[in-house]
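What follows is a set of notes on a single structure, which appears directly below.
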There are 2 protein chains.
Amino acid sequence: MDISSTKDKIVKAAYDCFSEKGYNATTTKEIAKTAGVSEVTLFRYFSTKSDIFKEMLKRYSFLPVLYKIKIESDGIDLQDTLKLIAVKFYNTLLERKQFVRIMLSEINHYSEEIIDIYSNFREELDSMLISIFESKICDLKLKNFDLKVASMGFIGMIYSFFLTNEIFLKKKVDDIELNNVINAFVDIFLNGIKK
Amino acid sequence: MDISSTKDKIVKAAYDCFSEKGYNATTTKEIAKTAGVSEVTLFRYFSTKSDIFKEMLKRYSFLPVLYKIKIESDGIDLQDTLKLIAVKFYNTLLERKQFVRIMLSEINHYSEEIIDIYSNFREELDSMLISIFESKICDLKLKNFDLKVASMGFIGMIYSFFLTNEIFLKKKVDDIELNNVINAFVDIFLNGIKK
DNA sequence: CTTGTGTGTTAGTAAGCACTTACATACAAG
DNA sequence: CTTGTATGTAAGTGCTTACTAACACACAAG
């Protein structure tokens, strides 16, 4: 028994291929080759190409990873909390860059599944932030904003920064630049929501 | 002579098809049918499917549309200027929603062309905002932020809001909600960059 | 009336695709 | 040694695809 089973290897290979070329441009032959198995073996584990895709969506979704972002915010001030969350969020996206790419390119093709993943993802993130804001609201005299809108704005800055650099421009952002940008975003945002 | 030539009809049809199903899943037969011409005629105008795609990229790029966003900001305060820009930016994205979808789904396939369009787009937008900030910087005692980072943050909030609702969740945002959200974003942002 | 231009129809080709069938082989467990 | 399980190879099927060739028709301009 290998460290990763044949099925695992196929799903991983599919993940890599789909993220590089998209679903339609990836052939089952290619997936098999990447996985280091024969095409026939591939079809012994999955009866259709679509099944491979769906299995891959399940296994590589970043929904579970999201929980790693959750932090203990008691005792830490809001500024540091936001910075920490921003960094963790960005790194999560980086770690699952391939998955992000797949989601972007297959929204049309597998819209139901992807809408599902994305909406769960956003709900979790937003409610995480909102509960943090709520716990700090009395300490810091925040404006009476719609917290959900505020959360969307904050997440949006970081998400968009990620998309622009990593997905569109394919430009690596080094840690120093990332930290500067995140610090600026947090500063703007925090100042913005304070009374 | 028709109001739109045969070539125009083909490019328009390709635009519609590609945005709905993606490049690979769209057949030349389908494009021809959508355009209301025969497939042979299609190949009389374009020698390959890829040529149609590239022609479509040229014609439907939102780069030219971007100049409609530019406004006269003299005499208007920064808050109203930003709100106006945000609304116009959002509406431009809406107007070219199909193009955005194509860019997202074909980054892998036509990365060179799309990177080019996207980076021009961002540069234009950023420099537009930066020059506005600079013209107001003395009036309003803005913090000594990196203006480019500030611009990225502001654009990012709106862009991400658009992507989430219109592209991912396929949820229509009505004008009232859009205005509320934009007002909130501008408030947060403006407060955030002030001293 | 002729000629050129733009288009349609019909039929095709060569390639590539997802997926299948049949058979062979390696190997671990009993 | 036998049997079951996991895999490979070779060959192929039926379908779809981008793209082509050949011919016919409509029609406007000279």
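We name chains A, B, ... by the order of the sequence lines, and we start the count at 1 in each one. Quick note: numbers below take in every heavy atom, side chains included, and nothing from hydrogens, waters or symmetry partners.
Of the residues near DNA chain C, A:Phe43 and B:Tyr45, the one whose nearest nucleotide (by heavy atom distance) lies more toward the 5' end is B:Tyr45.
Put simply, NZ on A:Lys33 is 20 Å from P on D:dT7, counting in whole angstrom units. If you measure from atom CG of B:Asp51 to atom C1' of D:dA18, you get 13 Å, rounded to the nearest angstrom. In this entry the distance linking CD1 of B:Ile31 with P of D:dA18 reads 8 Å, nearest Å. Rounded to whole Å, the distance from CD on A:Glu30 to C1' on C:dC19 is 17 Å. Per the geometry, NZ belonging to B:Lys7 stands 12 Å off P belonging to C:dG6, to the nearest Å. Atom NZ of A:Lys49 and atom P of C:dT20 are 15 Å apart (whole Å). A:Asn24 places its CG atom 15 Å from the P atom of D:dT16, with the value rounded to the nearest Å. Nucleotide C:dT9 holds its C1' atom 16 Å from the CG atom of B:Leu42, rounded to whole Å.
The number of heavy-atom neighbours closer than 6.0 Å to NZ of A:Lys88, taken from other residues, nucleotides and ligands shown, is above 12.
Ranking D:dT7, C:dG6, D:dT20 by closeness to the A:Arg44 side chain, first place goes to D:dT7. Checking D:dC19, C:dA18, D:dA22 against the side-chain heavy atoms of B:Val40 singles out D:dA22 as nearest. For A:Thr41, taking side-chain heavy atoms from C-beta onward, the closest of the listed nucleotides D:dA18, C:dT7, D:dG8 is D:dG8. Nearest to the side chain of B:Glu39, among C:dC19, D:dG8, D:dC19, sits D:dC19. Across D:dC19, D:dG8, D:dT7, the shortest atom-to-atom separation from the side chain of A:Thr6 is found for D:dT7.
Using a 4.0 Å heavy-atom criterion, one finds that B:Thr27 contacts the sugar-phosphate atoms exclusively. Looking at heavy-atom distances under 4.0 Å, B:Thr26 makes contact with sugar-phosphate atoms alone, never a base.
Taking the six-membered ring for Trp and the full ring otherwise, the centers of A:Phe154 and A:Phe185 sit at least 6.0 Å from each other. Between B:Phe89 and B:Phe162, the distance separating the two ring centers is not shorter than 6.0 angstrom.
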- Item | Test log, rule side chain to side chain donor-acceptor pair (under 3.5 Å), inputs A:Tyr159 and A:Tyr90 | CA-CA 7 Å; A:Tyr159 184 56; A:Tyr90 195 92; over 6 Å; no

- Message: Determine whether A:Glu166 and A:Phe161 satisfy the following criterion, side-chain contact (heavy atoms from CB on, under 4.5 Å), listing intermediate values before the conclusion.
- Response: CA-CA 8 Å; A:Glu166 297 287 339; A:Phe161 183 69; over 6 Å; no

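Using a 4.0 Å cut-off, some side-chain N or O of A:Thr28 falls inside it from OP1 or OP2 of C:dA18.
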